[in-house]
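These notes are about the structure you will find just below.
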There are 2 protein chains.
Amino acid sequence: MSPQPGDFTIGEAARASGVKVTTVRFYESRGLLPAPPRSEGNRRLYAQSHVDRLRFIRHARELGFALEDVATLLSLSDEPDQSCAAVDAIARAQRAEVTRRIARLEALGVELDRMIATCAGGTVGECRVIESLSDHAHCAADHPGPAPM
Amino acid sequence: MSPQPGDFTIGEAARASGVKVTTVRFYESRGLLPAPPRSEGNRRLYAQSHVDRLRFIRHARELGFALEDVATLLSLSDEPDQSCAAVDAIARAQRAEVTRRIARLEALGVELDRMIATCAGGTVGECRVIESLSDHAHCAADHPGPAPM
DNA sequence: GCTTGCTCCTACAGTGACTGTAGATGGCAT
DNA sequence: ATGCCATCTACAGTCACTGTAGGAGCAAGC
């Protein structure tokens, strides 16, 4: 297959979509982007549809969707006659996750502010920041720790 | 070294600190927790000071500090005569990071809400969620993507 | 034709902070 | 002695990439 007008090299597709070259290849390896035809010199030759798909992926990732969710959204968008209930459910789950993370971060912010406010600028020995990290009572570890994003 | 009253097995230290057994070993491998003496049967024998240190690490992690920051905070807390300016700086940087993440997540929340609100419940073909993921104009990719936590 | 310099290729290792697994011991209760 | 859980080591897997090594393609300048 020889290059046609309208084909993109991987670099061009990357620029046009805002996804890095290495990440484009990574998405192909993950099955999110179909393997495109190649030039005689073995270069990937992308069509506009690939660029559109990359843009879709990039935007979904910016919204914090996991690659697995992105894959589901892509396969749903490939079947336009299905009900969009599944799409809606994924979006709502993501919204709920964002809400949870904001609440968590705001609680952290409050605690950090308290720690910082009580620091009088002396030595580490009398530092409230260190102290409040040390002293904290053991409350059941129901936070499984930092979540992505 | 034979077990003494006040020594903890790794499982006990884990329960007492709220850190998982595997994670305790992981922290040792990362140099955050000193390697404890062993029993005749090669089991780790922790003292109260180890448990305190684990609690410190857990609390700092819950506040979103990276392990590298935790290591720094620990080494600072081991030298109580130093100025606590470095401690304060780490805490303030963490506070700033939390603020940035909240702002980012709130922007995502707004966009997700817009997407969800316009979904009329029809087919994927007419779904606004998919559409808004597809349509989005290419604005400079200045968000390097999801950050930890 | 030759060189320079960029883009592109594959394949694999590294990131952070763990989690999970396999297979071998330790040690206590029944 | 038998079962069973806790513990041991060592290593692979997670997520979403990023970085590196070692080549090859390709256009432009000389």
Side-chain angles (χ1 to χ4, degrees), chain A residues 1-3 7-33 35-46 54 57-72 74 94 97 141 143-149, chain B residues 1-3 7-33 35-46 54 57-72 74 94 97 141 143-149:
Chain A
M1 183 167 298
S2 66
D7 279 352
F8 299 83
T9 67
I10 194 170
E12 287 160 356
R15 269 186 296 282
S17 64
V19 173
K20 290 188 189 166
V21 168
T22 46
T23 308
V24 173
R25 285 195 281 254
F26 172 72
Y27 288 158
E28 183 184 316
S29 79
R30 289 287 112 132
L32 289 160
L33 187 69
R38 302 284 185 122
S39 74
E40 287 168 33
N42 199 35
R43 309 305 178 78
R44 290 168 178 84
L45 292 177
Y46 294 102
L54 283 169
I57 297 169
R58 181 177 67 93
H59 191 204
R61 287 289 301 133
E62 281 173 3
L63 286 169
F65 290 97
L67 280 197
E68 196 181 336
D69 288 337
V70 179
T72 306
L74 280 167
Q94 179 62 18
E97 182 59 30
H143 314 299
M149 174 121 210
Chain B
M1 184 166 298
S2 65
D7 277 353
F8 299 81
T9 66
I10 195 169
E12 288 161 356
R15 269 186 297 283
S17 64
V19 174
K20 290 187 188 164
V21 168
T22 47
T23 308
V24 174
R25 286 196 280 254
F26 173 71
Y27 288 159
E28 182 184 317
S29 80
R30 289 286 113 131
L32 289 159
L33 188 69
R38 301 285 183 122
S39 74
E40 288 168 30
N42 199 33
R43 310 305 178 79
R44 290 169 178 83
L45 291 177
Y46 293 103
L54 282 170
I57 296 170
R58 182 178 66 94
H59 191 203
R61 287 289 301 134
E62 281 173 4
L63 286 170
F65 290 98
L67 281 197
E68 195 181 335
D69 288 338
V70 180
T72 306
L74 280 166
Q94 181 61 18
E97 182 59 30
H143 313 300
M149 176 114 207

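Below, chains carry the letters A, B, ... as their sequence lines are ordered, and counting in each starts from 1.
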Using a cut-off of strictly less than 4.0 Å, decide whether [X] has a side-chain nitrogen or oxygen near OP1 or OP2 of [N].
X      : N       : answer
R61(B) : dC18(C) : yes
K20(B) : dC18(C) : no
T23(B) : dT19(C) : yes

field: Interatomic distance, E68(A) CD vs dT14(D) C1' [rounded to whole Å]
entry: 12 Å

statement: To the nearest angstrom, the OH-P distance between Y27(B) and dG16(C) comes to 14 Å

Nearest to side-chain heavy atoms of [X], which nucleotide of [options]:
X      : options                  : result
L67(A) : dC8(C), dC17(D), dT9(D)  : dC17(D)
F26(A) : dC9(C), dC17(D), dT9(D)  : dC17(D)
V21(B) : dT18(D), dT7(D), dC18(C) : dT7(D)
A66(B) : dC18(C), dA17(C), dC8(D) : dA17(C)

task: Going 5' to 3' through nucleotides 23-30 of chain C, assign each nucleotide B (protein heavy atom under 4.0 Å from a base atom), S (under 4.0 Å only from sugar-phosphate atoms) or - (no protein heavy atom that close).
output: --BBS---

query: So what does R44(A) touch, heavy atoms closer than 4.0 Å: a base, only the sugar-phosphate, or nothing?
result: sugar-phosphate

- request: Report yes or no: does R58(A) contribute a side-chain atom to a donor-acceptor pair with the main-chain N or O of S17(A) at less than 3.5 Å?
  value: yes

